[in-house]
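Only one structure is covered here, and it is reproduced in the block below.
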Amino acid sequence: MSERRKQFPFLEFEPHWQRVWKEQQTFRAPNPGENGFDPTKPKFYVLDMFPYPSGEGLHVGHTEGYTATDILARYKRMQGFNVLHPMGWDAFGLPAEQFAIKTGQHPAITTSKNVAHFKAQLQRIGFSYDWAREINTTDPDFFRWTQWIFLKLYNSWFDPEKNCARPIEELIAAHTPDSYETAGSLRDFIDSNRLAYVSEAPVNWCPELGTVLANEEVVDGKSEIGGFPVIRRPMRQWMLRITAYGERLLNELENLDWPESIKTLQRNWIGRSEGAEAIFRIQGSEESITVYTTRPDTLFGATYVVLAPEHPLVEIITAPDQKAQVSAYQEQVRSKSDLERTDLAKEKTGVFTGAYAINPANQESIPIWIADYVLFSYGTGAIMAVPAHDERDFEFAQTFGLEIREVVEAPQLSKGCFSGEGTAKNSGFLNGLSTGNAKRAMTDWLEEVGAGKRSIRFKLRDWLFSRQRYWGEPFPIVWNNGFPEAVAEADLPVVPPLLADYRPTGTIEPPLAKAKDWITLPCGASRELNTMPQWAGSCWYYLRFISPKDRLSFVDKTAEKYWMHSGKPGGVDLYVGGTEHAVLHLLYARFWHKVLYDLGQVSTIEPFQRLVNQGMILGSDNQKMSKSRGNVVNPDEVIAEYGADSLRLYEMFMGPLETSKPWSMSGVEGVYRFLARVWRLVMIENQEGNWQLSPALVFDAPSHRLRKVMHATIKKVTQDVEALSFNTAIAQMMIFVNELTGSEKKPVSAVKTLLLLLNPFSPHLSEELWFRLKKTFDGFDGLASQERWPTWEESVLAEEEIEIIVQINGKVRDRIRVRKDLDAEELQQRAVNLPKIREAAENKIVRKVVVVPNKVINLVLN
RNA sequence: GCCGAUGUGGCGGAAUGGCAGACGCUACGGACUUAAAAUCCGUUGGGCGGCAACGCCCGUGCGGGUUCGAGUCCCGCCAUCGGCACCA
């Protein structure tokens, strides 16, 4: 097939124009104050999720989103915007490190090789990135600032009163000595408030990968990458206090132009719930148990209390004769992986502690159990069990024969456990109240008698931010006498040491432990051995694109204000990427951005105003593309066969950007034929087999009909590009081309308009034909890519005569051509006189006439 | 189990509540050619009737509803995909 003669010489002109654009810096976007910057133009920041440059190279799934943003970037430039459209590399990560383990090749070498490959692939597609802004997260000039931002987090605390982050120095000023006396020391007090802090809590440890993972990276008890088992074990780890921002991360989603489904995903992940804490005294003890519940209205139905097995009170309250059983159960739970713990969730397990708590509502004495269905990490790690109105408690109570007491009357008859809303009963002062009112009444009462209070909880946990890896950003932290200390800003970046051996140590020690010389500093302090997770760089890379070479700060303030200011909460005007980042990257980046905002470093509260998720491109077998299925399509092959313009156009023609759809080579061929038809509008082959300008090109004004199609096309393409509805824009251009192909003479003005409309989609062909026309016709100066976008005239589109459909009882029976805006009465006259209508209406009475102006007349008969 | 998305010809997909199937693919027929490819022109949801122009009926996952009129709005199912999953 590759031997077949190409229908137009894209193999020559595509690389040519790529070279021209590069040499002329056609897509360079200067910053305010720089040469060539035009302050009168509005800005548009259009961003792709930058890729991890894997060894496999790009496939056509990556390039779909990139094509969409490129079309928009080119379109906006033609509309007179200053367009920021950058690309870079998210290059820290496990694959390069694992490749290094296998081959001994340093990850930096693999990375730069892969980057070169990716970049060449992208350039072959003709994307209009401003390559002068290229960034790489593994570049010390980049990660210096990742480390710098980490220090900002480390040196800040969250002020709940002002609901924002503040420099750590202000913490000391804002508090009296006794507020930190309880924390042990001033140091402990400060450390326990930092946004980046060290924690000893149980973490997800993956022995196979030799690293810990964030909750978000563990799927069904296995590592998201590789699918290896993950166990829980306590380790000393860096955490980021993202929970402090729970409320804002939730509320500030509101005014973003994101798909509602992604917002929902984030809302669910943040998981805000409103409820109450209730305090249960323990019988015969000074201790008490605080539980969290979203259903305080069911307190009278609480027939037992359950503590998480890890709960510290367990040791204190357990009755001597239950000690053995309780410890055995705790041991059993401890040894379970998360996978087992959730898998075995089918059957509830637990042990009675032998202790009793007092229900504050009715003073009844109820048993205290421990069970692993209660999570230590959520709420207070303890619950009041209301088996009549909670599925899980119900199951547990049935297994262990505990009392089930109904306290909510279901609106309809229901069997077993009713967890919905209804009317309180058997509940003393709550009786007769609706669930909503009963919740309020009970919470008020708890506060009044001092047995509890209102409380809001989040499912969101603090972000586990350290990894036991080599190929990541080192922490700008040193340890001195067992305490962490920030590396001075002037000493950034902290560059990872060269290692001969990258293998995991086989223990919990990170690989950096092997770099003995690097670890120890002259002053005796030793370096933090963990590295940051891969998310770190992507949390702020969109800011670095604004001033990628800035030596003085992570982002130039003036440029940041220009490119990020949109009068809306989010700064990036359009962000396109896959749904797989719905919670992780997008939540983390929002968090960092808000911290930077609070500290006065950036000018918007949100990073990304409009978010669009491109759908997945499936193989032609309708399956996810994967090496093992052998259905992966490489863009290079498509380009070799049909050209970059065909690749771009096909990816946009397949269907709506947001949906997933299967690849089809014959579909590529379809758009290829379309581009060939465009080519032949301008060029014909002479007898020697050379291309020459078509003699059918004329200066004549387009026919009335052609003019109409042309203006309709300008309108539709403009509106569809704005709406990212590229497939229908292309369909309209096809209609336009079909019209031109069908007409004997090809008016140059119509061809010119076509080339401009096509330019963002298939820029090489547009540029080439523009250039060829320039030789013979006036009005083709410069580059097509730098022309103004055409505008349409509504008056050309106005129809003087319209076809109206005539319905009887809602079914189409006939159609008539009438003057536009003909009044209803005359229209009805015309309609009923139609032979077909007369026939159908015979012996029937006209009950009603519905007229939709210029569209429909419907006669309702019977 | 809960949340979300999707469901239209042989295929990818179009349709502000107003002619369902734009545009493309596939297939078939024709033109050009010694022949083929490419190109150009036509047909292409299903069924029934007619020599024909054409006419009629059915049809947007399934069942109801609102409406003069529903692929589109409402209610209830089914299927597929994605996310969450003891979060009290």
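Below, read A as the first sequence line, B as the second, and so on, with proteins coming before strands; counting in each chain starts at 1. Predicted model, so just to flag it, every value in this text is computed and none were measured.
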task: Can you tell me the distance, in whole Å, between the CD atom of A:Gln719 and the P atom of B:A22?
output: 21 Å
- prompt: Taking OP1 and OP2 of B:G18, is either one under 4.0 Å from a side-chain nitrogen or oxygen of A:Asn858?
  reply: no
message: Quick check: any donor-acceptor pair below 3.5 Å linking the side-chain of A:Gln807 to the base of B:C68?
response: no
- line: Closest of B:C84, B:G18, B:U39 to the A:Arg680 side chain is B:U39
task: Inspect the contact between A:Arg295 and A:Glu421 and indicate whether a charged nitrogen and a carboxylate oxygen are less than 4.0 angstrom apart.
output: no
Candidates B:G18, B:G13, B:A22 - which lies nearest the side chain of A:Thr659: B:G13
- line: A:Arg461 CZ to B:A85 P, in whole Å, measures 10 Å
message: Between A:Glu801 and A:Arg817, does any side-chain N to carboxylate O distance fall below 4.0 Å?
response: yes
field: Short side-chain to backbone donor-acceptor contact, A:Asn359 and A:Phe300, under 3.5 Å
entry: no
- prompt: For B:A88, does either OP1 or OP2 sit under 4.0 Å from a side-chain N or O belonging to A:Ser273?
  reply: yes
- prompt: Taking syn as any angle within 90 degrees of 0 and anti as the rest, which one fits B:G9?
  reply: syn
query: Counting just side-chain N and O atoms, does A:Tyr378 come under 4.0 Å of either OP1 or OP2 of B:A88?
result: yes
